[in-house]
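Below: the structure, in structure tokens.
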Amino acid sequence: MMYFETKITEASIECLKELYSADVSPDSINIQKTKKEFTGDFTLPVFPFVKLSRKSPEQTAEEIGKALKEKLDFIESYNIIKGFLNLSLSHQIWIDFLHKGVQNPDYGNTSATSANQPILIEFSSPNTNKPLHLGHVRNNLLGDAVSRIIEANGNKVVRVNLVNDRGIHICKSMLAHQKFGKDETPQSTGMKGDKLVGKYYVAFDKQYKTEIEELINQGKSKEDAEKQAPILLEAQQMLRLWEEGDKDIRKLWQNMNQWVYEGFEQTYNNLGITFDRVYYESETYLLGKEIVKEGLAKKVFYQHPDGSIRVDLKEEGLDEKILLRSDGTSVYITQDLGTAVLRAKEYHPQQMIYVVGNEQNYHFDVLKRILYDKLSYDWAKRIYHLSYGMVELPSGKMKSREGTVVDADDLMDEMIRIAKQKTKELGKNDFNDEELNGLARMIGIGALKYFMLKVDPKKNMLFNPEESIDLNGNTAPFIQYTHARICSLLRKAGVNTLELPTHHIDVIPEADKEILSMLYEYPATLKQAASELNPSLLANFAYELVKAYNRFYQDTPVLKETNENLRHFRLQLSAFTASVLRKAMNLLGIDLPEKM
RNA sequence: GCCCCUAUAGUUCAACGGAUAGAACGAAAGUUUCCUAAACUUUAAAUCCAAGUUCGAUUCUUGGUGGGGGUACCA
């Protein structure tokens, strides 16, 4: 793949040296795509160089344009508007680009460099006390898409999941099941395991609130009531018993977690998500505790008079942080310390990415500081928190305990149902049942994934359950439909587009050219998506490409084009478009149908 | 209180410091003897406020205002 921008930049530096004896850094050469309303392919704003030339922007642009045209044979012409130098490339180089691109199955990808250490990426990281909701969906889709994007950029990826399978939150579900559960199981109730366990988490919270209220009525302060509610004390006792290895508690814990895993498995399958390595907090928290003790021995941590172990990060601009409770049980960050050390040892990754919501920004600051500054692990500087925004409802934040969540399974089912209904409404009858179900799935899940991934990860996003996710406009089905139309076109053409001869066409029409130049942008878009860990760039790219193609399709004949060279050119252009769409969307985990 | 993030059409989202801020939904009006109308075309509609840096600021800096998050012996 040739990068015209690079060549133009290099040539521009030479020109500036020859014309004005000036040494200019590549940074000040800002080659951009020419805007649609002007003639040209690439544009160089020359304002930064008028100081060197001591001439007007127009004159400066003229001099640079003339010199560039002489230097670069692929520049056919140029024009100047104000201080903008617009360069047009030759038709032939664009035709060559199409020819090479359409035949290159790896177009846009960077070939793998096997020597590199893997990039480790943690995502999903569920708690086992409740089912997955829309917030987790964003996390999973983001982690999966980022993994794919990094792979396409030539890096090895290890997808890891960290299951928070122990802790006070699970004890709450367990306790509620013991108290109110009547020995219910997924089998006896027919409920999905994670849903059943989630039910008890809510039951716990209900009882907890009742007890708090009673205590307040007895004259306790709200704060004391929250700390002294009997059911909470029981849960804390249960956690201590769990950490001591109490047989009955461990048995119940194993059973209930198993139910949850079976439920999660279904959800992951539906989302099309897999992992290479699953860590369980129950397997790493002891290592975490050891690390805390080592830190204590090395005096980088200290024991508070109340018995808890803490770290002082005031010098690092943060605060004190508790690492071990006064009763000796571990907290959230304890296991994260252990897990991080274990991972570093197992994989020696070149980078450790954590896909975790922005509500935990502070937590990751602290984690990194402890590992790097306090414990002097050099690899800890390669920890990167991919912090994404919350999914909000019109009523505000989702809260599991209060039941204001959008359940992941329900939402997927609903999306598939709507897609199926829409397909029928549109009178698409040439599908058998199996095909119809497959298509509805592709569309429904695709729409959901696209909806979540088209938004810049770091921004909060809003989901309105009243309005189901759109299937029109800037959506996956819009892109899928265009792909299906192209496939139909190619089927009818009855030729192998890859084997078509080189075309000689006099001019590339405007609409054709627009698509071509967008296809040219794909590799740079992919690179940017990888370096910014931002899948939304690919979503927006695919959308823009489809907009342009639909405009083209609307009023440009392809099969009916009588000029054979032009017809072949357009078939290849269409085939290349379909192929790039598949690539971009596949990196988002979205499949495209050949018929819809 | 302190810290971080954020602010763009009625709504949901775009825009490496570059030209006339771009889409979608919603609203209004159109397009099918022609390769799939889940499409296309047209109209109305926005940079929170105030300074600063710059040839040029939605973008960078400072101050203010609004929204979100964090600051737990929760995760």
Side-chain angles (χ1 to χ4, degrees), chain A residues 27 30-32 34-38 43 45 47-48 50-51 57 81-84 86 125 127 129 164 167-169 172 227 236 281 304 306-310 317-333 335-336 356-363 365 387 389-390 392 396-397 419 422-423 425-426 428 443 451 454-456 458-464 467 470-475 477-482 484-493 524 528 536-537 539-540 543-544 546-547 550-561 570-571 574 595-596:
Chain A
D27 298 341
N30 182 13
I31 305 290
Q32 49 197 290
T34 302
K35 288 199 147 200
K36 230 168 60 181
E37 52 267 42
F38 303 101
T43 294
F47 302 105
V50 298
K51 282 192 281 289
I81 296 169
K82 293 194 270 181
F84 297 93
N86 299 319
S125 309
N127 292 345
N129 61 330
N164 292 295
I168 189 74
H169 51 290
K172 289 176 181 175
K227 281 183 183 160
Q236 285 167 345
E281 186 183 324
H304 194 267
D306 66 11
S308 60
I309 296 177
R310 306 185 176 196
L318 302 173
D319 211 333
E320 270 188 354
K321 180 81 186 172
I322 195 151
L323 301 176
L324 226 45
R325 293 192 185 102
S326 46
D327 68 1
T329 58
S330 71
V331 292
Y332 179 55
I333 202 163
Q335 60 77 26
D336 248 339
V356 179
N358 61 14
E359 58 193 351
Q360 293 193 33
N361 286 354
Y362 183 75
H363 171 80
D365 261 3
S387 161
M390 299 287 96
E392 288 170 349
K397 217 183 158 186
K422 182 89 185 262
T423 305
E425 270 171 21
L426 288 167
K428 312 266 180 176
I443 294 171
F451 177 82
K454 75 175 174 186
V455 180
D456 187 331
K458 67 172 181 286
K459 293 197 175 175
N460 287 0
M461 65 183 295
L462 187 102
F463 176 76
N464 188 347
E467 313 161 8
D470 240 307
L471 302 184
N472 296 314
N474 185 359
T475 66
F478 178 76
I479 294 164
Q480 290 169 321
Y481 176 69
T482 301
R485 282 213 298 203
I486 296 176
C487 289
S488 168
L489 197 66
L490 297 175
R491 278 194 299 271
K492 287 190 177 161
Q528 197 186 347
S536 77
L537 298 174
N540 291 331
Y543 177 66
E544 293 298 329
V546 161
K547 288 282 287 178
N550 281 348
R551 221 173 293 136
F552 161 85
Y553 182 91
Q554 188 68 20
D555 39 35
T556 309
V558 178
L559 297 178
K560 294 192 169 62
E561 173 57 53
R570 285 180 173 156
L571 280 170
S574 300
K595 265 168 69 176
M596 77 181 265

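Proteins get letters first, then strands, A, B, ... in listed order; numbering begins at 1 in each.
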Hey, does the side chain of [X] come within less than 4.0 Å of [N]'s phosphate (OP1/OP2), counting only N and O?
X        : N     : answer
A:Arg325 : B:C74 : yes
A:Lys492 : B:U36 : yes
A:Ser488 : B:U36 : yes
A:Lys35  : B:A19 : yes
A:Asn540 : B:A14 : no

Donor/acceptor link under 3.5 angstrom from [X] side chain onto base of [N]:
X        : N     : result
A:Asn550 : B:A37 : no
A:Ser326 : B:C73 : yes
A:Thr43  : B:A19 : yes

*Measure the distance between the ring centre of A:Tyr553 and the centre of the six-membered base ring of B:A39, then answer whether it is under 5.5 Å with planes under 30°.*
no

*What do you reckon, do A:Phe84 and the base of B:A19 stack, with centroid distance below 5.5 Å and planes below 30°?*
yes

Heavy atoms from C-beta onward define the side chain here; which of [options] lies closest to that of [X]?
X        : options             : result
A:Lys397 : B:G69, B:G18, B:U20 : B:G69
A:Lys428 : B:C55, B:A38, B:C40 : B:A38
A:Ala484 : B:A72, B:U36, B:C34 : B:U36
A:Ile81  : B:A19, B:C35, B:U41 : B:A19
A:Asn361 : B:A75, B:C4, B:A39  : B:C4
A:Tyr481 : B:A37, B:C25, B:C40 : B:A37
A:Tyr543 : B:A24, B:U36, B:C73 : B:A24
A:Asn86  : B:C13, B:U36, B:A19 : B:A19

What is the distance, rounded to the nearest whole Å, between atom [atom1] of [X] and atom [atom2] of [N]?
X        : N     : atom1 : atom2 : answer
A:Asp456 : B:C5  : CG    : C1'   : 12 Å
A:Phe552 : B:U36 : CZ    : P     : 14 Å
A:Arg485 : B:U36 : CZ    : C1'   : 6 Å
A:Leu471 : B:A37 : CG    : P     : 18 Å
A:Phe38  : B:U20 : CZ    : P     : 7 Å
A:Asp319 : B:C3  : CG    : P     : 13 Å
A:Ile486 : B:U36 : CD1   : P     : 12 Å
A:Lys595 : B:C35 : NZ    : C1'   : 16 Å

Is [X] touching bases, backbone alone, or none of the nucleic acid, heavy atoms closer than 4.0 Å?
X        : answer
A:Ile443 : base
A:Lys422 : base
A:Leu426 : base
A:Asp306 : base
A:Lys459 : sugar-phosphate
A:Met461 : sugar-phosphate
A:Gln528 : nothing
A:Ile168 : sugar-phosphate
A:Thr556 : base
A:Thr482 : nothing
A:Phe47  : base
A:Thr423 : base
A:Arg310 : base
A:Ala493 : nothing

_Position toward the 5' end of RNA chain B (nearest nucleotide), A:Gly167 or A:Asn474_ = A:Asn474

*asked:* On RNA chain B, compare the nucleotides closest to A:Lys547 and A:Val455; which residue's is nearer the 5' end?
replied: A:Val455

Answer yes or no: is there a side-chain heavy-atom contact under 4.5 Å between [X] and [Y]?
X        : Y        : result
A:Leu571 : A:Leu559 : yes
A:Lys321 : A:Val331 : no
A:Lys35  : A:Phe84  : no

Between [Y] and [X], is there a side-chain donor-acceptor contact under 3.5 Å, judged purely by atom types and distance?
X        : Y        : answer
A:Ser326 : A:Asp306 : no
A:His169 : A:Asn164 : no
A:Asp470 : A:Thr475 : no

*In terms of the angle between their ring planes, are A:Phe478 and A:Tyr543 parallel, tilted or perpendicular, with boundaries placed at 30° and 60°?*
tilted

*When you look at NZ of A:Lys458, are more than 12 heavy atoms from neighbouring residues, nucleotides or ligands closer to it than 6.0 Å?*
no

*Looking only at atom types and distance, does a side-chain atom of A:Asn127 sit under 3.5 Å from a main-chain N or O of A:Asn129, one as donor and one as acceptor?*
no

